[in-house]
Structure formats: C-alpha cells, structure tokens
Amino acid sequence: MDKSKFQLEFEMKSVPVALLWNYISSINGLTEWFADEVSISGKTYTFSWDGQSQTAQLLSMRTEVSIRFRWSDDNSRCYLEMKISVNELTDETILTVTDFASEDEMDDAKELWTAQVDTLRRALGC
C-alpha cells in the first residue's frame, strides 16, 4: 500500500536548540521520549519498544538542524525526519516531524507523534 508524506510542527517554547538536538539525535535523548532502548552501530540505529526492535539507517544529519532515517524494512523512498528551526519573530523553537503513513493509518500516525512529542515536551520542561 502506498504511503503519503505528512509533516507536523510542534512549538517547543524557547528550548535551546542544542538541548533539543541532544534529545532527537543521541542514545540517551531518544530513550527519554522516543523508544525504550536505542543503540547505534555506525549508521544503523536500533530502536526497541516493548521488546520489539526495528532498525533504521541514518540518511543524513546536520548538527543542530535535522536528522533523517530510513527504516530498514521499508524499500520505498519514505523516511523519518526531525528538523529544528527557530522562529525569528518569537524566538520560539520549532520541531518539524516528517513521516509517511498509509491513508488508513494516517490519523493514528499523527496521534502517535503528538503523544511522543508531548513526552518530549515533559522531558524538556516545556
């Protein structure tokens, strides 16, 4: 089934970019909000949830800007990207998540990301 791209923007108040970057790119940061366990071997990241593991290849990383993965079991052009930007007018930090889901799973995928980022916000104190 074809997957469609979606983007979600999350306001992260005035969280310092370096701090948010640590939470979306490091083992310790990702285990605070994204997965139960994370390990990295070269460009392969292994994420575990409730004893189930899934691997992803690091496609690109721009320090304190963005990180992009492709799930190893996904042969399509789909990817997961987390990107940090700062609104120059309000000085508010924005986390933009780009992901893909099939049409019948789109609402669930968006709800899952909203819940995950709520956990991240609590970890960051915002």
Give the table of side-chain donor-acceptor pairs shorter than 3.5 Å for residues 83-95, with sequence neighbours excluded, one pair per line with atom names and distance.
| unit_1 | atom_1 | unit_2 | atom_2 | d |
| --- | --- | --- | --- | --- |
| N87 | OD1 | L89 | N | 2.8 |
| N87 | OD1 | T90 | N | 3.2 |
| T90 | OG1 | E92 | N | 3.3 |
| T93 | OG1 | V15 | O | 2.6 |

Can you find a side-chain donor-acceptor pair between T96 and Q7 that sits under 3.5 Å?
-> no

N/O donor-acceptor pair under 3.5 Å between R70 side chain and L80 backbone | no

Taking side chain to side chain donor-acceptor pair (under 3.5 Å) as the test, write out the residues that go with S53, two or more places apart.
-> S48

I'd like a table of donor-acceptor pairs (distance under 3.5 Å, sequence neighbours excluded) in which one partner is a side-chain atom from residues 55-69, with atom names and distances.
| unit_1 | atom_1 | unit_2 | atom_2 | d |
| --- | --- | --- | --- | --- |
| T55 | OG1 | S72 | OG | 2.8 |
| Q57 | OE1 | T44 | OG1 | 3.2 |
| Q57 | NE2 | T44 | OG1 | 3.0 |
| R68 | NE | E81 | OE2 | 3.3 |
| R68 | NH2 | E81 | OE2 | 3.1 |

Do you know which two heavy atoms are closest between E103 and S4, and how far apart they sit?
-> OE2-OG, 2.7 Å

Which pairs pass ring pair (Phe, Tyr, Trp, His ring centres under 6.0 Å) with one or both residues in residues 84-126, sequence neighbours excluded?
-> F34-W113, Y79-F100

Pairs satisfying ring pair (Phe, Tyr, Trp, His ring centres under 6.0 Å), at least one member in residues 4-30, at least two apart | none

Step by step, would you call V38 with N28 a side chain to side chain contact (heavy atoms under 4.5 Å, CB included)?
-> CA-CA 8 Å; V38 179; N28 291 339; over 6 Å; no

What distance separates L8 CG from L112 CG, expressed to the nearest 0.5 Å?
-> 10.5 Å

Output all residues satisfying ring pair (Phe, Tyr, Trp, His ring centres under 6.0 Å) with W71, sequence neighbours left out; order by chain, then residue number.
-> F47

For the student: nearest non-hydrogen atoms of S26 and N22, plus distance = OG-O, 2.7 Å

Report the residues that fulfil side chain to side chain donor-acceptor pair (under 3.5 Å) with T114, sequence neighbours left out, ordered by chain and then residue number.
-> none

Sorted by chain and number, sequence neighbours left out, side chain to side chain donor-acceptor pair (under 3.5 Å) with S39 holds for none

May I ask you to test the E32-T119 pair for a side-chain heavy-atom distance under 4.5 Å?
-> no

Qualifying salt bridge (Lys or Arg N to Asp or Glu O under 4.0 Å) pairs, either residue in residues 34-58, two or more places apart | none

For residues 115-126, pull every pair meeting salt bridge (Lys or Arg N to Asp or Glu O under 4.0 Å), keeping only residues two or more places apart or in separate chains.
-> D118-R121

Kindly compute the distance separating CE (M82) from CD (Q116), expressed to the nearest 0.5 Å.
-> 10.0 Å

Can you tell if the side chain of I27 reaches within under 4.5 Å of the side chain of I40, non-hydrogen atoms only?
-> yes

Listed partners of S14 passing side chain to side chain donor-acceptor pair (under 3.5 Å), at least two apart | none

